[in-house]
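Structure first, commentary second.
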Amino acid sequence: MTPLLIFNGIPAAVAVGTEAAQIVASSVSGAIAQWRRNNVDIKMGTVLLAGGIFGSLVGVQLVKLLRQIGQFEFFVSVAYVTFLGIIGVLMLMESANAIRKARQGKAPAVKRPGQHLWVHKLPLKMRFHRSKLYISAIPPFAIGMVVGLLGAIMGVGGGFIMVPAMIYLLRVPTNIVVGTSLFQIVFVTAFTTVLHATQNKTVDIVLAIILMIGGVIGAQFGVAAGQKLKAEQLRFLLAGLVLLVCLRIAWGLVTMPSDLYSISSVVGGR
Amino acid sequence: MNLYLPIAEMPVNVFVFLGMGGAVVFSPVYSASVAAF
């Protein structure tokens with residue numbers, strides 16, 4: 001979403017700040033629905049949230065610093081090419097495998113809550129009743145921190161990192177994962193929005209409102225489309241989209257800018 | 001229909017951005033589908 005805003009000429013810092021506001025709006029209803037179904041592990045969510053707040057604080061300061069030295073746009077582009085490239089390729093491989101297995105008539109492999117990983121055995125052990133886990137608080141804090149940091153710098157909700165990390169690294173039951181990650185995302189992105197607005201002054205309320213209205217309208221179609229398509233097909237489509245956006249940003253990084261003199265203010269202006 | 005954005009300091013076409021807002025619904029759908037496997 002942030003890259004799409006940047007493609008349309010919105011300055012990168014404004015795109016990131018405003019996108020945080022849009023994520024809060026689009027995540028609230030989902031978080032409330034999950035809360036009502038009792039799918040939120042509050043204790044796990046609080047640890048993730050503490051990490052997220054810390055990551056967000058660091059991230060917003062980093063954005064401020066990068067804007068001062070005039071390298072924010074470049075940094076965001078490189079960050080997006082890296083992340084979208086990795087995620088796009090992984091998703092493409094995973095969904096292609098799932099589609100192939102479904103065609104061959106094999107049932108998808110069921111992931112069992114296996115042995116404890118070394119990350120669970122770190123100090124500061126806590127009992128997470130809702131997730132039925134007794135693990136160290138350090139890994140969820142670290143995951144929350146990475147998500148908060150990326151949210152502040154790139155304007156992403158972080159569900160795409162948090163969901164797989166919680167499933168494979170923390171072994172949280174899948175029904176708890178979505179609710180707990182949404183719980184964290186709502187509060188961390190709300191905090192990030194306030195920080196961006198006060199520290200960097202980069203939240204455009206008019207743009208945020210337009211995007212929120214679009215989100216409400218789009219959600220109606222999205223749910224219908226989501227029910228018609230199979231999950232693995234949806235992931236395959238999304239992987240293609242992610243890679244296209246990645247290529248588009250990479251193209252912008254390596255081609256000659258239309259206004260060459262824009263460089264002179266950075267290089268020659270010192 | 002163009003609208004002026006105060007912070008971004010530029011006019012934008014409202015309908016383009018309404019459409020983009022709609023595109024963001026994919027992210028919760030994606031999270032849900034990831035959790036399903």
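Lettering follows sequence order; numbering is per chain, from 1.
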Other residues, nucleotides and ligands only: do more than 12 of their heavy atoms fall within 6.0 Å of CG on B:Leu3? yes
Who wins among B:Val14, B:Asn13, B:Val16, B:Ile7 for the most heavy-atom pairs under 4.5 Å with chain A? B:Ile7
Per-residue contact mode, A:Val156 against chain B (heavy atom under 4.5 angstrom): neither
Given that the side chain runs from C-beta out, which part of A:Ile185 has a heavy atom under 4.5 Å from chain B: side chain, backbone, both or neither? neither
Going by heavy atoms in the side chains, are B:Glu9 and A:Pro11 under 4.5 Å from each other? no
To the nearest 0.5 Å, tell me how far B:Leu5 CG sits from A:Asp204 CG. 4.5 Å
Greater than 12 external heavy atoms within 6.0 Å of A:Phe236's CZ: no
Out of curiosity, B:Phe17 CZ to A:Asn8 CG, how far, rounded to the nearest 0.5 Å? 4.0 Å
Go through the atoms of A:Val206 and report whether side chain, backbone, both or neither lie under 4.5 Å from a heavy atom of chain B. both
Is A:Thr202 close to chain B through its backbone or its side chain, or both, or neither, when contacts mean heavy atoms under 4.5 Å? backbone
